[in-house]
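Note that the numbering runs from 1 along the sequence shown for the chain. It should be emphasised that the depicted structure is a prediction, and the values quoted were computed from it without experimental measurement. FYI, side chains are in, hydrogens and waters are out, and symmetry mates aren't considered; it's all heavy atoms of this structure.
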Amino acid sequence: MRSLLFVPGDSEKKLAKGFASATDVIIVDLEDSVSLANKEAARAIAAAFITAERHTTRAQIFVRVNDLSTGLTDKDLAALVSVRPDGIMLPKSNSGKDVQRLAAMLRVHEAEAGLGDGDTRILPLITETPAGVFTGGTYANCSPRLAGLTWGAEDLSAALGARTARDATGRYTDAFRLARAVTLLAAAAADIPAVDTVFPNFRDMAGFEAECTEAERDGFTAKMAIHPDQVPIINAAFTPSAEALERARAIVQAFADAGNPGVVAVEGKMYDRPHLRLAERLIARASSVAG
């Protein structure tokens with residue numbers, strides 16, 4: 001997956017636009033974009049829409065439920081697991097234990113819906129609370145359901161009392177750079193994809209494209225979007241170029257031809273085994289996109 005597009009679960013019009021987009025993952029949102037008074041209606045609208053329109057999209061469908069502290073998570077799952085979403089996004093996850101708790105809840109709802117145990121993946125938002133920032137290492141091996149790790153700045157900003165997450169130049173301030181780095185490191189430790197957070201100013205396409213480029217450079221393999229217009233930019237940024245793929249394949253082939261030594265030479269440049277690992281990951285990403 002490269003692009004993950006949030007769509008409010010209580011708006012058929014916006015759901016239709018999301019399903020018509022080129023996103024890799026549609027995140028049907030029952031949390032922040034839905035008022036407390038409209039939660040029940042959102043569950044019904046989202047379940048009915050997914051059931052009726054799933055055939056119209058190639059995207060995976062994830063549902064962002066309300067976080068475990070709200071008491072609403074189980075109601076969300078009861079309404080949506082039966083329509084067979086590919087995954088659940090867990091907001092405000094404080095540690096791998098929260099993923100395990102959600103997995104146990106999912107097991108019950110999967111059984112009730114006639115689904116296989118583990119059919120539904122989990123994508124946690126791991127930095128929306130201060131506690132969550134310090135527990136990135138707990139996600140490694142916490143559940144085979146993990147589809148990746150992602151992070152969020154807006155809820156963390158509210159928790160810290162920060163007026164904004166970015167400085168006057170548009171760059172993240174220190175606390176949020178830390179949260180971003182923790183997500184990258186935690187995902188690498190768990191050997192799962194790292195998904196970059198949203199860019200709220202959807203009219204600033206130049207700034208958004210620059211942030212996508214930086215995220216891919218740093219090791220993120222996907223990014224979340226809040227508007228369909230952001231999706232093509234994400235897909236372009238996180239799709240390996242033909243030149244990068246050619247170089248990666250040449251590195252992999254050179255190691256194989258030489259009997260997997262510690263170092264090989266390709267076109268006058270030396271590459272060691274970390275370069276091999278990077279090349280293999282790039283090829284795997286490209287295969288995933290093609291598939």
Side-chain angles (χ1 to χ4, degrees), residues 1-34 42 45-65 76 80 83-91 120-125 146-154 183 187 192-216 219-241 284-291:
M1 58 183 172
R2 300 161 298 176
S3 50
L4 300 87
L5 174 63
F6 281 105
V7 184
D10 60 350
S11 171
E12 290 185 351
K13 180 179 179 180
K14 291 180 180 179
L15 284 165
K17 287 183 177 179
F19 274 53
S21 75
T23 190
D24 293 332
V25 179
I26 297 164
I27 304 173
V28 178
D29 189 24
L30 301 179
E31 195 213 13
D32 283 347
S33 66
V34 177
I45 292 169
F49 191 93
I50 293 170
T51 300
E53 302 297 331
R54 188 182 199 119
H55 69 282
T56 66
T57 181
R58 67 168 186 81
Q60 296 182 63
I61 299 172
F62 276 53
V63 175
R64 179 164 70 169
V65 296
D76 295 337
L80 273 299
V83 301
R84 300 171 180 260
D86 296 287
I88 299 295
M89 173 173 277
L90 177 64
T120 315
R121 308 295 300 282
I122 297 174
L123 178 62
L125 280 151
L146 273 185
L149 296 178
T150 188
W151 71 289
E154 303 308 315
T183 304
I192 54 176
V195 179
D196 197 22
T197 193
V198 299
F199 186 84
N201 186 0
F202 64 86
R203 299 187 187 281
D204 180 9
M205 289 302 183
F208 180 64
E209 185 172 8
E211 189 162 286
C212 288
T213 300
E214 290 182 1
E216 192 278 336
F220 286 99
T221 59
K223 190 170 178 64
M224 298 187 292
I226 61 169
H227 194 282
D229 288 349
Q230 294 179 322
V231 169
I233 293 174
I234 295 174
N235 287 346
F238 290 94
T239 299
S241 68
R285 281 175 51 201
S287 298
S288 175
V289 170

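Residues Thr150 and Met89 form a side-chain contact, since some pair of their non-hydrogen atoms from C-beta on lies under 4.5 Å apart. Using a 4.5 Å heavy-atom threshold, the side chains of Phe6 and Val28 count as separate. Looking only at side-chain heavy atoms (C-beta outward), Leu30 and Leu80 come within less than 4.5 Å of each other. A 4.5 Å side-chain heavy-atom check between Val7 and Ser33 finds every atom pair outside the cut-off.
A donor atom on one side chain and an acceptor atom on the other are found under 3.5 Å apart for Arg2 and Thr239.
Here the closest non-hydrogen pair linking Ala47 and Val83 is O-CG1, 3.7 Å. When every heavy atom of Thr197 is checked against every heavy atom of Gly152, the shortest pair comes out as OG1-CA, 3.6 Å. Nearest heavy-atom pair, Pro232 versus Pro228, reported as atom, atom and distance to 0.1 Å: CD-O, 3.4 Å. Considering every non-hydrogen atom in both Ala222 and Met1, the closest pair reads CB-O, 3.4 Å. Among all heavy-atom pairs drawn from Trp151 and Asp196, the shortest one is NE1-OD1, 2.9 Å. The two residues Phe238 and Ala215 come nearest to each other via the heavy atoms CZ-CB, 3.9 Å.
To the nearest 0.5 Å, the span separating CG on Asp229 from NZ on Lys17 amounts to 9.0 Å. Taking CG of Leu4 as the start and CZ of Phe62 as the end, the distance is 7.5 Å to the nearest 0.5 Å. The line from OG of Ser3 to CD1 of Ile233 is 11.5 Å long, rounded to the nearest 0.5 Å. In this structure, Phe199 CZ and Ile226 CD1 are separated by 9.5 Å, a value rounded to the nearest 0.5 Å. If you take CD1 on Ile234 and SG on Cys212, they are separated by 5.0 Å, rounding to the nearest 0.5 Å. For the atom pair CD1 (Ile88) and CD1 (Ile27), the distance works out to 11.0 Å, reported to the nearest 0.5 Å.
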Test log, rule side-chain contact (heavy atoms from CB on, under 4.5 Å), inputs Asp76 and Val63: CA-CA 9 Å; Asp76 295 337; Val63 175; 5.8 Å; no
Salt bridge (Lys or Arg N to Asp or Glu O under 4.0 Å) evaluation trace for Arg58 with Asp24: CA-CA 8 Å; Arg58 67 168 186 81; Asp24 293 332; 3.1 Å; yes
Steps toward side-chain contact (heavy atoms from CB on, under 4.5 Å) verdict (Glu31, Val65): CA-CA 6 Å; Glu31 195 213 13; Val65 296; over 6 Å; no
Steps toward side-chain contact (heavy atoms from CB on, under 4.5 Å) verdict (Leu5, Val25): CA-CA 6 Å; Leu5 174 63; Val25 179; over 6 Å; no
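The closest donor-acceptor contact from the side chain of Arg84 to the backbone of Thr51 lies at 3.5 Å or more, if one exists at all. Side chain of Asp86 to main chain of Gln60: no donor-acceptor pair is present (N/O by atom type, distance under 3.5 Å, no hydrogens or angles). Checked by atom type and distance alone, the side chain of Arg121 never pairs as donor or acceptor with a backbone atom of Pro85 at under 3.5 Å. No side-chain donor-acceptor contact under 3.5 Å links Ser11 to the backbone of Pro8. Within the 3.5 Å criterion, the main-chain N or O of Pro193 finds no donor-acceptor partner in the side chain of Thr221.
Each of Val34, Asp32, Leu90 was compared with Arg64 under the side chain to side chain contact (heavy atoms under 4.5 Å, CB included) criterion, and only Asp32 meets it. Screening Glu209, Glu214, Glu211 for a salt bridge (charged side-chain N to carboxylate O under 4.0 Å, His left out) with Lys223, the sole residue that qualifies is Glu211.
A centroid separation of less than 6.0 Å is found between the aromatic rings of Phe19 and Phe49.
Counting heavy-atom neighbours within 6.0 Å of Arg203 CZ, excluding the residue itself, gives a total of 12 or less.
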